[in-house]
Amino acid sequence: MVHPVNVSSAPSSAYVHIPFCRRRCFYCDFPVSVVGDRLRGETSGTISQYVSALCQEITITPTLGQPLQTIFFGGGTPSLLSVEQLQTILTALDRQFGISPEAEISMEMDPGTFDLAHIQGYRAAGTNRISLGVQAFQDDLLKVSGRSHAVSDIFAAVDLIRIVAVPEFSIDLISGLPHQTLDRWEESLEKAIALSPTHISIYDLTIEPQTPFGRYYKPGDRPLPTDEITVEMYRLAQKFLKNAGYEHYEISNYAQPGHQCRHNRVYWENRPYYGFGMGAASYVEGKRFNRPRTTKEYYRWVQNGAIVDCDVTPPDEVLLETLMLGLRLAEGVSLAVLAAQFGEDKVKEIERCCATYYEKGWVEVALGRLRLTDPEGFLFSNVVLAELFSQLSE
C-alpha cells in the first residue's frame, strides 16, 4: 500500500528564469530569447517588459507561509539584467514571500556579459553565489559550441568575482563536445581547479533534437567523442576533482567541503519550490507545473491570472520522482523515510529490483540509505532507474 503524500509543506525556495541571451548556444533547448549584448548597447526594452510581467506573476502568487531560504536566477543569461532589474525582482520576492537574511541567492552568469560595476551591484543587491558558464577552456571548442565568450573572458570574469569577494563561486564545464579529446578535457579540468572555485558542475553533452547540434550530429558519430571516451571523461573528472579536495556529492556536481549548492539540493531531495518566469517549473502543494515557453504565451498567462491548472502528483509518481532525484545524490535515499512515506512493502520491492545491481557493484545500502556507487553506479544510473521505473510502474 502506498501511503498518502504530504503536500502541505510550504516552499522555501524559488527559481527565477531569465530567458535572455546574446546568442543561442548550439546545444541549448531551454526557453530563451536572443537580445544581443548589453555591454555593447544592443539590448532593447524587451527585458524591462519581461521583468514587469515576472514581478506581476510573483505578486499574484499565493504565499504559503515561510521566507525564502534559496533563490536561483537561471537562464538564459541572468547577467544580462541591469542591477536595477535584479533589485526590482528581489524586492518583489521579498515583499511577497520574505527573504531570509541567510538566504543563498545564486545567479548564473556568462563571461563577457558583466563588468565590475554590474557585479558590484549584483553583490550589493544580495547575490552571494555565482555559477559561471565556462563550459571549456579552448577557444575553438567554445566557438564550435556557439558560445559568445572567449577563454580570455573567463579569466577576466573570475578576476571580477575575486575583486567583489563573492562567497560562493561555481564553474560549469561540458564534456563530450565536438572535437573534444581526453587531453583537452584534462586541460579544462586542470584550469578549472587552478581557479579554486568552491563548486564545479560537470555536464555530459546531450544532443537535443530541436537544436543546431541535433541537426549537425548524431550521438556517437564523429566529431563527437565516442561513448567510451565520454565515460573516461567522467572517470577522469571524478579522479581529478576528488584528488583536488572536492566532494562528489551529486552525479554532476562537486563541492569543496561546506559549499554544496543549497538550492539544487531542494530539487534532488524532492522538496517543494516556487518557479517564476517563462518556461519555469514549480512544485507547490504537490503540483508540478511548467509555465509557457514563449514570451507571448507567458505574458498572456500572467495577464489571465497566472493560474496553475494541473492535478496533484499521484503517490506512485512521487515515489518514482523521489528515487530518480534522490539517487543522484552521493548519500542516496533513506530507506526509513521511504518506508514512512510509501510503506514497507514498497521498500522491499525496491530492494528486490536492485538485487542484480548490488551484485554488479552499482548499488549499495550503507547506514540505512540506498545509494549508487561512485563512479560505476553513477555511470549506470540510467540502467538502474529504468529497471526501477519498469518494475514499480507495473
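Bear in mind the structure is a predicted one, so any value in this text is a computation, not a measurement. Residues take their numbers from the sequence shown, with the count starting at 1.
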Q: In chain order, what residues pass the salt bridge (charged side-chain N to carboxylate O under 4.0 Å, His left out) check against Glu232, with sequence neighbours excluded?
A: Arg235
Q: Please check: side-chain N/O of Arg24 versus main-chain N/O of Cys28, any donor-acceptor pairing under 3.5 Å?
A: yes
Q: Could I get the full list of salt bridge (charged side-chain N to carboxylate O under 4.0 Å, His left out) partners for Arg271, not counting sequence neighbours?
A: Glu269
Q: Any side-chain to backbone donor/acceptor pair from Arg291 onto Gly275? Under 3.5 Å, distance only.
A: yes
Q: Can you tell me if Ser390 uses its side chain to pair, donor with acceptor, with the backbone of Ala386 under 3.5 Å?
A: no
Q: Check Ile89 against Cys55 and note the closest heavy-atom contact, atom names and distance.
A: CA-SG, 4.0 Å
Q: Test side-chain contact (heavy atoms from CB on, under 4.5 Å) on Leu142 and Asp139; report intermediate values, then the result.
A: CA-CA 5 Å; Leu142 293 172; Asp139 280 324; 4.2 Å; yes
Q: Give me the one residue out of Val83, Thr88, Leu90 that meets side chain to side chain contact (heavy atoms under 4.5 Å, CB included) with Leu86.
A: Leu90
Q: Would you confirm whether Gln180, through its side chain, and Ile174, through its main-chain N or O, come within 3.5 Å as a donor-acceptor pair?
A: yes
Q: Checking the side chain of Thr313 only, and the main-chain atoms of Glu317 only, is there a donor and an acceptor separated by less than 3.5 Å?
A: no
Q: Quick test of your reading of the model: are Glu349 and Lys346 salt-bridged, counting only N-O distances below 4.0 Å?
A: yes
Q: Verify the cluster assignment for Val16 and Phe30: are they in a single hydrophobic cluster under the rule of side-chain heavy atoms below 4.5 Å apart?
A: no
Q: Run the salt bridge (charged side-chain N to carboxylate O under 4.0 Å, His left out) test against Asp29 and tell me which residues pass, sequence neighbours left out.
A: none
Q: With sequence neighbours excluded, tell me which residues meet side chain to side chain contact (heavy atoms under 4.5 Å, CB included) with Pro19.
A: His17, Tyr50, Met278
Q: If you take all heavy atoms of Pro67 and Ser100, which pair is closest and at what distance?
A: CB-N, 4.1 Å
Q: Would you please indicate yes or no on a ring centroid separation below 6.0 angstrom for Tyr122 and Phe114?
A: no
Q: Glu108 vs Ser79, test: side chain to side chain donor-acceptor pair (under 3.5 Å). Steps then yes/no.
A: CA-CA 7 Å; Glu108 290 183 345; Ser79 46; over 6 Å; no
Q: May I have the step-by-step check of side-chain contact (heavy atoms from CB on, under 4.5 Å) for Phe380 and Tyr357, ending in yes or no?
A: CA-CA 10 Å; Phe380 291 98; Tyr357 306 117; over 6 Å; no
Q: Between Gly279 and Pro31, which heavy-atom pair has the shortest distance, and what is it?
A: CA-CG, 3.9 Å
Q: Show the nearest heavy-atom pair for residues Val266 and Pro272, with the distance to one decimal.
A: CG1-O, 3.7 Å
Q: Any side-chain to backbone donor/acceptor pair from Ser188 onto Trp185? Under 3.5 Å, distance only.
A: no
Q: Is a side-chain donor or acceptor of Glu250 paired with a backbone partner of Leu329 at a separation under 3.5 angstrom?
A: no
Q: Start with the C-alpha distance between Val51 and Leu81, add both sets of side-chain angles, then the distance that settles side-chain contact (heavy atoms from CB on, under 4.5 Å), and finish with yes or no.
A: CA-CA 9 Å; Val51 169; Leu81 291 173; 4.0 Å; yes
Q: Strictly distance-based, threshold 3.5 Å: is any side-chain N or O of Gln69 a donor or acceptor partner for the main-chain N or O of Ser12?
A: no
Q: Considering non-hydrogen atoms only, spot the tightest contact between Pro225 and Leu177 and give its length.
A: CD-O, 3.2 Å
Q: Quick one: do Phe169 and Phe137 end up in the same hydrophobic cluster if we chain Ile, Leu, Val, Met, Phe, Trp and Tyr together by side-chain heavy atoms under 4.5 Å apart?
A: yes
Q: Got a list of side-chain donor-acceptor pairs under 3.5 Å for residues 359-368, not counting sequence neighbours?
A:
| residue | atom | partner | partner atom | Å |
| --- | --- | --- | --- | --- |
| Glu364 | OE2 | Arg371 | NE | 2.7 |
| Glu364 | OE2 | Arg371 | NH2 | 2.9 |

Q: For Cys353, enumerate each residue passing the side chain to side chain contact (heavy atoms under 4.5 Å, CB included) test, keeping only those at least two apart in sequence or located in another chain.
A: Leu388, Gln391
Q: Show your reasoning for whether ring-ring contact (aromatic ring centres under 6.0 Å, His included) applies to Trp301 and Phe276.
A: CA-CA 12 Å; Trp301 176 76; Phe276 300 107; 9.5 Å; no
Q: Enumerate, atom names and distances included, each donor-acceptor pair closer than 3.5 Å involving a side-chain atom of residues 205-220, sequence neighbours excluded.
A:
| residue | atom | partner | partner atom | Å |
| --- | --- | --- | --- | --- |
| Thr211 | OG1 | Glu208 | O | 2.7 |
| Thr211 | OG1 | Gly214 | N | 3.0 |

Q: Which atom names give the shortest non-hydrogen contact between Glu57 and Tyr298, and what distance separates them?
A: OE1-OH, 2.6 Å
Q: Hey, is the main chain of Gly332 close enough, under 3.5 Å, to the side chain of Arg369 for a donor-acceptor pair?
A: yes
Q: Look at atom CG of Asp309 and say whether more than 12 heavy atoms of other residues, nucleotides or ligands are closer to it than 6.0 Å.
A: no
Q: Indicate every side-chain donor-acceptor pair of residues 319-327 with a distance under 3.5 Å to a residue at least two apart or in another chain.
A:
| residue | atom | partner | partner atom | Å |
| --- | --- | --- | --- | --- |
| Glu321 | OE1 | Arg288 | NE | 3.1 |
| Glu321 | OE1 | Arg288 | NH2 | 3.2 |
| Glu321 | OE2 | Arg288 | NE | 3.0 |
| Thr322 | OG1 | Asn270 | ND2 | 3.1 |
| Thr322 | OG1 | Val318 | O | 2.7 |

Q: Pairs of donor and acceptor atoms involving the side chains of residues 146-161, under 3.5 Å and at least two apart or interchain, shall be tabulated with distances.
A:
| residue | atom | partner | partner atom | Å |
| --- | --- | --- | --- | --- |
| Arg147 | NH1 | Tyr27 | OH | 3.4 |
| Arg147 | NH2 | Asp110 | OD1 | 3.3 |
| Arg147 | NH2 | Gly133 | O | 2.8 |
| Ser148 | OG | Arg22 | NE | 3.1 |
| Ser148 | OG | Arg22 | NH2 | 2.9 |
| His149 | NE2 | Val134 | O | 3.2 |
| Asp153 | OD2 | Ala150 | N | 2.9 |

Q: Just do the side-chain contact (heavy atoms from CB on, under 4.5 Å) check on Ile202 and Met233 with the steps written out, would you?
A: CA-CA 10 Å; Ile202 305 288; Met233 287 178 172; over 6 Å; no
Q: Classify the ring geometry between Tyr249 and Trp268 as parallel (under 30°), tilted (30 to 60°) or perpendicular (over 60°).
A: perpendicular
Q: Could you walk me through whether Tyr283 and Phe289 pass ring-ring contact (aromatic ring centres under 6.0 Å, His included), step by step?
A: CA-CA 7 Å; Tyr283 184 36; Phe289 183 75; over 10 Å; no
Q: Side chain to side chain donor-acceptor pair (under 3.5 Å) between Gln138 and Glu187: does it pass, once the steps are laid out?
A: CA-CA 9 Å; Gln138 297 82 21; Glu187 179 188 19; 2.9 Å; yes
Q: Would you mind listing every ring pair (Phe, Tyr, Trp, His ring centres under 6.0 Å) that reaches into residues 60-96, with sequence neighbours excluded?
A: Phe72-His263
Q: With Thr294, which residues qualify under side chain to side chain contact (heavy atoms under 4.5 Å, CB included), at least two apart?
A: Lys296, Glu297
Q: Checking Ser201 now: which residues fulfil side chain to side chain contact (heavy atoms under 4.5 Å, CB included) with it, not counting sequence neighbours?
A: Ser170, Asp172, His199, Tyr203, Asn253
Q: Applying a strict under-4.5 Å side-chain criterion to I, L, V, M, F, W and Y, I'd like to know whether Leu392 and Leu372 cluster together.
A: yes
Q: So, Asn128 side chain and Ile105 main chain: donor-acceptor pair closer than 3.5 Å or not?
A: yes
Q: So does Arg265 pair up with Glu331, basic N to acidic O under 4.0 Å?
A: yes
